[in-house]
Number of protein chains: 2
Amino acid sequence: MSHVSSIFAALSDPCRLEIIETLMREGETPAGEICERFDISGPAVSRHLSVLHTAGLVNRKVAGKHRLYSVRPEAIRQVSDWTMDHREFWEASMNRIEAALREDAR
Amino acid sequence: MSHVSSIFAALSDPCRLEIIETLMREGETPAGEICERFDISGPAVSRHLSVLHTAGLVNRKVAGKHRLYSVRPEAIRQVSDWTMDHREFWEASMNRIEAALREDAR
DNA sequence: CCTTCATTTAACGAATCTGCTAAATGTTGT
DNA sequence: ACAACATTTAGCAGATTCGTTAAATGAAGG
């Protein structure tokens, strides 16, 4: 699996995406606090965290009985890099569409 | 499923990601030509194209016996937008990491 | 019409994902 | 050592995914 596609896979679950967004907003957070935010069981959240960790999206830090999770910025950057690699395509195309819209509006 | 997570889901398969990258590079392409590039069967590629279409990542245009596929730039832009929404997080964090590296190097 | 070409749909099996509950692990405080 | 707490692992059911081959669809040309 190409590396960026495995990052996409990790983000493809709505629950995992929300976990990542929460961690980016609030920084390092213990597993238990993440659990509280979701209606699913603790083990289910734990599994999601483990998927994210395996995919290299989060760091896990052991602190007493807690595990602190945080997003690895490089991972998000890889997504950004992927879009930037193709920026010429979508930016140019978007401009063409906008131009066509302006043309239509006249 | 939040919209961006369904885009991530569509891109989470290596074969689909490669299809999208090919289409971005080469523009509108008939299904048959896409098939030739992959070792999997025609029906398998057709299914991937249909997944991409359902997720809003590609346009399908009927041209005689051919179906021409092309990437919808807005879809890629949504990925870009998502990274940009969190840019402050990963950019700041990357800088912090870089600063730490520079600190270590001294 | 009938055939051929391009592509999709159907039907199926193997593998993977996601959730659950119950049990295990490891840590802290008594 | 023991009890309480935080989290993960095990084991299982149901849904989904991805590939295959065979059959269906639909346009183009003789």
Side-chain angles (χ1 to χ4, degrees), chain A residues 1-23 26-72, chain B residues 1-23 26-72:
Chain A
M1 180 129 73
S2 102
H3 196 196
V4 70
S5 83
S6 66
I7 293 179
F8 287 141
L11 296 173
S12 71
D13 182 278
C15 180
R16 283 196 295 265
L17 182 64
E18 207 174 325
I19 289 174
I20 288 289
E21 287 175 342
T22 302
L23 289 178
E26 319 204 350
E28 204 169 58
T29 306
E33 245 176 76
I34 299 170
C35 286
E36 288 166 19
R37 291 195 167 81
F38 293 90
D39 282 343
I40 61 180
S41 67
V45 172
S46 177
R47 189 85 129 282
H48 282 307
L49 287 169
S50 140
V51 169
L52 289 169
H53 187 247
T54 303
L57 278 145
V58 298
N59 290 310
R60 172 195 277 136
K61 190 196 284 182
V62 179
K65 5 186 199 182
H66 300 263
R67 309 291 137 97
L68 303 177
Y69 286 89
S70 55
V71 177
R72 291 186 54 215
Chain B
M1 180 126 79
S2 104
H3 196 193
V4 70
S5 84
S6 65
I7 293 179
F8 287 141
L11 297 172
S12 71
D13 181 277
C15 180
R16 284 197 295 268
L17 182 65
E18 206 174 326
I19 289 173
I20 288 290
E21 287 174 344
T22 303
L23 290 178
E26 318 203 349
E28 203 168 60
T29 305
E33 245 177 76
I34 299 170
C35 285
E36 287 167 21
R37 291 196 167 80
F38 293 89
D39 282 343
I40 61 180
S41 67
V45 172
S46 179
R47 190 80 128 309
H48 282 308
L49 287 168
S50 141
V51 169
L52 289 168
H53 187 246
T54 302
L57 277 146
V58 298
N59 290 310
R60 172 195 276 138
K61 190 197 285 184
V62 179
K65 357 183 202 182
H66 300 263
R67 309 293 137 95
L68 303 177
Y69 286 89
S70 56
V71 177
R72 292 186 54 217

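In what follows, chains are A, B, ... by sequence order, proteins preceding strands, each numbered from 1.
- Nucleic acid contact class of A/Phe38 (heavy atoms, under 4.0 Å, all strands): none.
- Here the CD-NE2 distance, from B/Glu33 to B/His66, works out to 9.0 Å after rounding to the nearest 0.5 Å.
- Among the heavy atoms of the strands lying under 4.0 Å from A/Ala31 are primed sugar atoms or P, OP1, OP2 only; no base atom is included.
- Following rounding to the nearest Å, B/Glu33 (CD) and C/dT7 (C1') show an atom-to-atom distance of 14 Å.
- The side chain of A/Ile40 lies closest to C/dG19, out of C/dG19, C/dT18, C/dT7.
- Residue whose closest nucleotide on DNA chain D sits further toward the 5' end, between B/Gly42 and A/His66: A/His66.
- Note: CG (A/Leu11) to P (C/dC17) measures 15 Å, nearest angstrom.
- Atom-to-atom distance recorded for A/Asn59:CG and A/Leu68:CG is 11.0 Å, nearest 0.5 angstrom.
- Between A/Asp39 and B/Gly32, it is B/Gly32 whose nearest contact on DNA chain C lies nearer the 5' terminus.
- Shown here for A/Val71 and A/Ile20, the closest heavy-atom pair between the two residues is CG2-O, 3.7 Å.
- Of all nucleotides listed (C/dT9, C/dT21, C/dG19), C/dT9 comes nearest to the side chain of B/Pro43.
- For the pair A/His48 NE2 and C/dC20 P, the computed distance is 9 Å after rounding to whole Å.
- Separating the CG atom in A/Leu11 from the OG atom in B/Ser5 is a distance of 9.0 Å, to the nearest 0.5 Å.
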Atom pairs, protein N/O to nucleotides 27-30 of chain C N/O, distance under 3.5 Å:
none

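- Of the residues listed (A/Ile34, A/Leu17, A/Ile40), the one engaging A/His48 in a side chain to side chain contact (heavy atoms under 4.5 Å, CB included) is A/Ile40, and it is the only one.
- Note that the first and last nucleotides of DNA chain D, 5' to 3', having any atom under 4.0 angstrom from a heavy atom of chain B are D/dC18 to D/dA28.
- No donor-acceptor pair closer than 3.5 Å links the side chain of B/Arg67 to the backbone N or O of B/Arg60.
- Between A/Ser41 and the phosphate of C/dC20, there is a side-chain N or O to OP1/OP2 separation shorter than 4.0 Å.
- Regarding B/Glu36, its CD atom lies at a distance of 12 Å from the C1' atom of C/dA6, rounded to whole Å.
- Listed for the A/Ser50 side chain is no donor-acceptor partner under 3.5 Å among the backbone atoms of A/Ser46.
- Considering only heavy atoms from C-beta on, A/Ser6 comes within 4.5 Å of A/His3 through its side chain.
- Spacing between atom CG of B/Leu49 and atom P of C/dT9 amounts to 11 Å, rounded to whole angstrom units.
- Checked options B/Leu23, B/Ile19, B/Thr22; the residue passing with B/Tyr69 is B/Leu23 (criterion: side chain to side chain contact (heavy atoms under 4.5 Å, CB included)).
- Atoms CZ (B/Arg47) and P (C/dT8) sit 12 Å apart, rounded to a whole Å.
- What separates CG of A/Leu52 from C1' of C/dC17 is a distance of 14 Å, to the nearest Å.
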